[in-house]
There are 2 protein chains.
Amino acid sequence: MKKVGEPPPKTRLLRAAAALLAESNGEPVSTRQITQAARVTAPTLYHHFGDKEGLFDAVVAEGFSEYLDAERNLPTSGQPVEDLRMHWDNHVQFGLDHPHLYLVMFGNIRPEHRPSMVASAEAFLEEVLVRAAAAARLVVTPREAARSILAANIGVTLMLIAEPAAKRNLELSAMTREAVISAVATDSEADPTTDTEGSPSVVVAAIALNAALQSSHPDQLSSSELKLFLEWLQRISSRSGS
Amino acid sequence: MKKVGEPPPKTRLLRAAAALLAESNGEPVSTRQITQAARVTAPTLYHHFGDKEGLFDAVVAEGFSEYLDAERNLPTSGQPVEDLRMHWDNHVQFGLDHPHLYLVMFGNIRPEHRPSMVASAEAFLEEVLVRAAAAARLVVTPREAARSILAANIGVTLMLIAEPAAKRNLELSAMTREAVISAVATDSEADPTTDTEGSPSVVVAAIALNAALQSSHPDQLSSSELKLFLEWLQRISSRSGS
DNA sequence: TAGCACCTATAGCGGTGTTATATGAACTGA
DNA sequence: TCAGTTCATATAACACCGCTATAGGTGCTA
């Protein structure tokens, strides 16, 4: 007869591994510790996960999806740049809450091995940035912006994890956050290319581009292409309403 | 009789460990491999380094002093902010040259354990920034600036190491570098929205227009025209050409 | 020569990741 | 009902790992 409240060995292994990894301060955790804590013998571990590394990967993947869920469930403020700040802070907080997990997730990324999850974190951030771009707040490609922001976010979080919890200065995070955000997006007001509302002014942006093209001609377009391009730009710019 | 050109066992151990760590792609290296490669038996390792970790720490410390020496020997351009860029690039390059060493040095920093060396890297960067402050280019404390720059620098380098060498996009580095530097220092000549080359705000305007067009499609252009227009816009935005 | 640090080697201990093999449980089809 | 199959777990052992108690050179000083 089996207790009904008892999770199956597979999840018991996962939880035991996660708990032991979180407790033992970065020192290696043996499979024997894990199987003993899960009240299971060695072969069941290898039956379910194939490998010690397989088990650890599963733990990391679980932590990662926890992180992504948390990110996705953050409320949206309606102001894309403000959302960006929130996601940055959430990332840092996650790292400080699960330092060992975070070190494995972002500090140990070996080529060809782990970056698939990092890529999904990048992709999510890119979504947020696409919304910012739609509000004409972006100054570079959303993809480039996402990579840059994520890189800085990881660096800051690693640095904060590295120093003793008592002495942690979160201003490092805020400062770097503003630095990298302001280089990537123009904050709400004082921007000539945006309307008062969220709906950006295509006309203003077109005019700005038109003006910029007068002084420097890009060589990505042939002269004939450029001619037609400018004509269309002119047409867009001459539109009256918003 | 002993060969004279032969280094003593201690340095043989150090070199063998460094070489094996660099070769074997992040997978653990056993003491037996090391001692065999150094043509030495186990106890001499423990006599000289006390511990496997002691040996690895010595390797890391050596790599670290190599890094710091390289940083210190960089020429100074006389322009503090330009020096800052040079040190940033040198940091990234070091990470790409010694990826595994770098991962141990900056990706695995466990509290209470390794940050003494990170602290010295931070201190050196602070020196550079003090010179910038003396030139009245700084906007925040040199210490805060150093921490912020170093954090972003580490994050970018880790991210570049993580992706396959072929696909590495160094623009991520340049972009983040300018972001964090411009938030910390006022630069006389350079502008964060411009490349190292010369392509000015055309790109910015193109990206803004691109973003604006995502939410509202103008009716002055037919759908086929719009398609081509967007394609060109994309080409201009990607600034690869010049 | 004796004595004395220093450095290195022999041989082995306990622990680790892993697996060949076997046992049990649950479900299937006849 | 029961043989057959599949899945899940256990027993016991292997080869390797980090590490060390002990002992043996080696070169120096006296």
Protein-nucleotide distance ([X], atom [atom1]; [N], atom [atom2]), rounded to Å:
X: Glu27(A); N: dT16(C); atom1: CD; atom2: P; value: 13 Å
X: Leu13(A); N: dT9(D); atom1: CG; atom2: P; value: 8 Å
X: Lys52(B); N: dC17(D); atom1: NZ; atom2: C1'; value: 8 Å
X: Phe49(A); N: dT19(C); atom1: CZ; atom2: P; value: 16 Å

Glu171(B) side, atom CD; Met175(B) side, atom CE - distance, nearest 0.5 Å: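 With rounding to 0.5 Å, CD (Glu171(B)) is 8.5 Å from CE (Met175(B)).
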
Restricting to salt bridge (Lys or Arg N to Asp or Glu O under 4.0 Å), what partner residues turn up for Glu126(A), sequence neighbours left out?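 Partners of Glu126(A) under the salt bridge (Lys or Arg N to Asp or Glu O under 4.0 Å) test: Arg143(A).
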
Enumerate the protein-to-nucleotides 20-26 of chain C contacts in which both atoms are nitrogen or oxygen and the separation is below 3.5 Å.
none

For Ser77(A), give me all partners under side-chain hydrogen bond (donor to acceptor under 3.5 Å, both in side chains), at least two apart in sequence or on another chain.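 Result, side-chain hydrogen bond (donor to acceptor under 3.5 Å, both in side chains) vs Ser77(A): Asp83(A).
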
Does [X] place a side-chain N or O at less than 4.0 Å from the phosphate oxygens OP1/OP2 of [N]?
X: Thr44(A); N: dT9(D); answer: no
X: His47(B); N: dT8(C); answer: no
X: Tyr46(B); N: dT20(D); answer: no

Check DNA chain C against residues 29-36 of chain A and give the residues with a non-hydrogen atom under 4.0 Å, in numerical order.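 By residue number: Val29(A), Ser30(A), Thr31(A), Arg32(A).
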
Pairs of donor and acceptor atoms involving the side chains of residues 88-96 of chain B, under 3.5 Å and at least two apart or interchain, shall be tabulated with distances.
{"unit_1": "Trp88(B)", "atom_1": "NE1", "unit_2": "Ser173(B)", "atom_2": "OG", "d": "2.8"}
{"unit_1": "Asp89(B)", "atom_1": "OD1", "unit_2": "Arg177(B)", "atom_2": "NH1", "d": "3.0"}
{"unit_1": "Asp89(B)", "atom_1": "OD2", "unit_2": "Arg177(B)", "atom_2": "NH1", "d": "2.9"}
{"unit_1": "Asn90(B)", "atom_1": "ND2", "unit_2": "Glu71(B)", "atom_2": "OE2", "d": "2.4"}
{"unit_1": "His91(B)", "atom_1": "ND1", "unit_2": "Tyr67(B)", "atom_2": "OH", "d": "2.9"}
{"unit_1": "His91(B)", "atom_1": "NE2", "unit_2": "Tyr102(B)", "atom_2": "OH", "d": "2.6"}
{"unit_1": "Gln93(B)", "atom_1": "NE2", "unit_2": "Asp97(B)", "atom_2": "OD1", "d": "3.2"}

Go through the structure and list residues passing side chain to side chain contact (heavy atoms under 4.5 Å, CB included) with [X], not counting sequence neighbours.
X: Arg15(A); answer: Pro7(A)
X: Ala58(A); answer: Leu14(A), Phe49(A)
X: Arg32(B); answer: Ser30(B)
X: Ala37(B); answer: Ala16(B), Leu20(B)

Select from Leu45(B) and His48(A) the residue whose nearest nucleotide in DNA chain D is closer to the 5' end of that strand.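 Between the two, 5'-proximity favours His48(A).
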
